[in-house]
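Only one structure is covered here, and it is reproduced in the block below.
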Amino acid sequence: MITKDQVLHALSHVEEPDLKKDLVTLNMIQHIEILPNKVKFDVVLTTPACPLKGHIEHACRNAIALFIGKEVEVDIHMTSRVISTESAQLDGIKNIILVSSGKGGVGKSTVAANLALALAETGAKTGLLDADIYGPSLPIMFGLEGTRPESIQAEQGKTKILPIEKFGLKLLSIGFFTDPNQPIPWRGPMATSAIKQLFGDTHWGELDYLVVDMPPGTGDIHITVAQSYPISGAVIVTTPQHVALADAIKGIGMYQMEGINIPILGIVENMSYFTPAELPDHRYYIFGKDGGKRLSESNNVPFLGEIPLVKAVADAGDNGFPILLDADEPVTSAYKDIAGRVAQELSILANK
């Protein structure tokens with residue numbers, strides 16, 4: 001008769017590739033059930049977006065076959081429990097991810113929207129906060145122009161904003177409260193006060209990830225958010241162009257400043273190359289080549305991936321239907337890979 005100890009011994013030889021410890025030590029093996037010539041158990045990953053899920057499952061099956069017997073049937077339930085960053089200010093939100101850029105025009109908001117959707121598609125409870133208060137784009141990108149959030153009575157009689165839910169995300173933007181045809185000429189204190197309201201006066205509920213689309217540059221809002229909330233990490237978006245890379249370096253430097261110290265989860269290179277629809281095997285490097293990779297190497301931060309310049313991405317955003325929702329578009333796989341790598345980096349940081 002197979003014993004629980006035998007199963008644990010076998011699985012103690014399976015290492016979590018990112019965390020460099022075995023699954024038993026990490027308490028990732030749960031609900032072991034022994035049946036005649038059959039073993040059932042759960043593998044609890046640190047994120048549903050884990051890109052190594054298939055690799056870990058295969059390694060578990062091999063370990064049972066090697067240490068117990070090839071004839072044993074193995075039933076594995078791959079599940080997840082997202083590790084959280086402690087937050088007294090924002091109860092229920094496990095991880096806050098800032099999506100930032102040194103300059104405008106690099107596609108930061110598009111990356112933030114599709115990253116949030118990719119995380120949600122894995123089963124993670126995800127929210128998207130449009131903190132780019134001078135140029136909010138979330139209402140257009142999600143087809144929510146003219147929409148107004150409702151409010152609810154929360155604990156102790158306090159009124160809170162209720163995020164709008166669409167495509168499996170909880171969404172909030174300053175654009176829901178302003179006239180889209182009018183500028184927002186707010187001074188620093190007014191802008192930072194508005195941001196704090198969007199974060200703290202909103203009933204987010206339980207979230208595994210809150211993705212925050214930050215304004216371009218390195219200003220008051222960045223410092224306020226970084227110093228007011230427990231940020232899990234930042235994603236830096238750039239294009240391969242030298243002028244964009246020069247500003248992205250400043251963004252990395254700001255998050256690494258003393259008193260801020262936000263981990264850089266990695267670099268996303270947007271608009272990496274152009275591939276015409278009629279020539280799918282051709283790549284034209286319009287803005288230069290490998291700039292994001294060189295930036296990641298020189299600053300010793302992860303490179304999360306490349307996103308090609310595709311007209312369908314812009315069209316999808318303008319039509320209120322982000323590209324990730326179109327499973328037939330090849331570019332969606334790039335966003336999904338990046339989401340997996342972001343989740344990977346968060347897991348590594350949480351277990352340090």
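Computed from a predicted model, the values in this text were never measured in an experiment.
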Measure the acute angle between the ring planes of H13 and F67, then classify it against the limits of 30° and 60° as parallel, tilted or perpendicular.
parallel
Is any side-chain heavy atom of L171 closer than 4.5 Å to a side-chain heavy atom of K166?
yes
Would you please test I97 and V212 for side chain to side chain contact (heavy atoms under 4.5 Å, CB included) and show each step?
CA-CA 6 Å; I97 304 167; V212 184; over 6 Å; no
Contact check, side chains of I161 and F177, non-hydrogen atoms, under 4.5 Å:
yes
Suppose we screen for side chain to side chain donor-acceptor pair (under 3.5 Å). Which residues come up paired with R81, at least two apart in sequence or across chains?
none
Are I133 and I140 in one and the same hydrophobic cluster, where Ile, Leu, Val, Met, Phe, Trp and Tyr link if side-chain heavy atoms are under 4.5 Å apart?
no
Can you tell me how far apart CG (L98) and CE (M214) are? Round to the nearest 0.5 Å.
5.0 Å
Is it the case that more than 12 heavy atoms not belonging to D75 sit under 6.0 Å from its CG atom?
yes
Please table the atom pairs, donor to acceptor, closer than 3.5 Å between any side-chain atom in residues 317-325 and protein atoms at least two apart or in another chain.
unit_1, atom_1, unit_2, atom_2, d
N319, ND2, D315, O, 2.9

Sorted by chain and residue number, the side-chain contact (heavy atoms from CB on, under 4.5 Å) partners of M271 (sequence neighbours excluded) come out as T239, F287, L309
Once salt bridge (Lys or Arg N to Asp or Glu O under 4.0 Å) is applied, what residue pairs with a partner in residues 131-149 remain, sequence neighbours excluded?
K108-D132
Under the side-chain contact (heavy atoms from CB on, under 4.5 Å) test, residues paired with A116 that sit two or more places apart
T126, L128, L169, V211
Listing request: all side-chain hydrogen bond (donor to acceptor under 3.5 Å, both in side chains) pairs with a residue in residues 326-340, at least two apart in sequence or in separate chains.
E121-K336
Ignoring hydrogens and geometry, is there a side-chain-to-backbone donor-acceptor pair from N95 to S232 under 3.5 Å?
no
Set of residues satisfying side-chain contact (heavy atoms from CB on, under 4.5 Å) with respect to P51, sequence neighbours excluded:
Q344
Taking the six-membered ring for Trp and the full ring for Phe, Tyr or His, determine whether the centres of Y284 and Y273 are under 6.0 Å apart.
no
Does the pair D208/K125 count as a salt bridge with the N-to-O cut at 4.0 Å?
no
Output, in order, the C-alpha distance, side-chain angles, deciding distance and verdict of side chain to side chain contact (heavy atoms under 4.5 Å, CB included) for V225 and I195.
CA-CA 8 Å; V225 170; I195 286 296; 3.6 Å; yes
Under the side chain to side chain donor-acceptor pair (under 3.5 Å) rule, collect the residues that match up with T25, sequence neighbours excluded.
D22
In this structure, are over 12 heavy atoms from other groups packed under 6.0 Å from Q153 atom CD?
yes
Would you tabulate the side-chain donor-acceptor contacts of residues 33-44 under 3.5 Å, counting partners in other chains and residues two or more places apart, or write 'none'?
unit_1, atom_1, unit_2, atom_2, d
N37, ND2, E71, O, 3.2
D42, OD1, H77, ND1, 3.4
D42, OD2, H31, ND1, 2.8

Do we get K289 above Y285's six-membered ring, with its NZ or CZ under 6.0 Å from the centre and within 45° of the axis?
yes
Around K4, counting heavy atoms of other residues, nucleotides and ligands shown, do more than 12 lie under 6.0 Å from its NZ?
no
Mind listing the side-chain donor-acceptor pairs of residues 242-269 below 3.5 Å, one per line with the distance, residues two or more places apart or on another chain?
unit_1, atom_1, unit_2, atom_2, d
Y255, OH, S100, OG, 3.2
E269, OE1, G291, N, 3.2
E269, OE1, G292, N, 2.6
E269, OE2, S272, OG, 2.7

Any residue meeting side-chain contact (heavy atoms from CB on, under 4.5 Å) with N270, in chain and number order, not counting sequence neighbours
V111, V237, I307
Go through it in stages, so that I can follow the logic: the residues are K196 and Y229, the test is side chain to side chain contact (heavy atoms under 4.5 Å, CB included), and I'd like the CA-CA distance, side-chain angles, deciding distance and then a yes or no.
CA-CA 10 Å; K196 285 185 175 181; Y229 306 103; 3.7 Å; yes
The complete set of side-chain hydrogen bond (donor to acceptor under 3.5 Å, both in side chains) pairs with one or both residues in residues 46-69, sequence neighbours excluded, reads T46-S347, T47-Y209, E57-R61, H58-N62
